[in-house]
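Quick caveat, the model's predicted, so the values are computed rather than measured. Throughout, residue positions are numbered sequentially from 1 according to the sequence presented.
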Amino acid sequence: MPAPTHTRSHHSPPDSVDIRLPWWAVVLPALAFAALLLLMAGPVPAGAAASEPGVGGVVIQIQQTLAR
């Protein structure tokens, strides 16, 4: 006696790909990247903020690393 097969009620075309990410799958990596970027920039005292920007220092470090 053959077992009944279960079929899906909603069929998508075989050539289409349906990928849905949850909201946290995009937000969490972006937040982690931003947090690490801020940690690399380091704390900048208010008086020194005009003389040396934090993100600019990170860019300079990246350029020096790639130049090696």
Exercise for the section: Tell me, please, which residues at least two apart from V27 pass side-chain contact (heavy atoms from CB on, under 4.5 Å). Expected result: W23, L31

Handout entry: Results of side-chain contact (heavy atoms from CB on, under 4.5 Å) for L21 - residues two or more places apart only
Key = A25, V26

Exercise for the section: Kindly state each residue pair satisfying salt bridge (charged side-chain N to carboxylate O under 4.0 Å, His left out) with at least one member in residues 20-35, sequence neighbours excluded. Expected result: D18-R20

Exercise for the section: State which residue, out of L66, I62, I60, fulfils the side chain to side chain contact (heavy atoms under 4.5 Å, CB included) condition with Q64. Expected result: I60

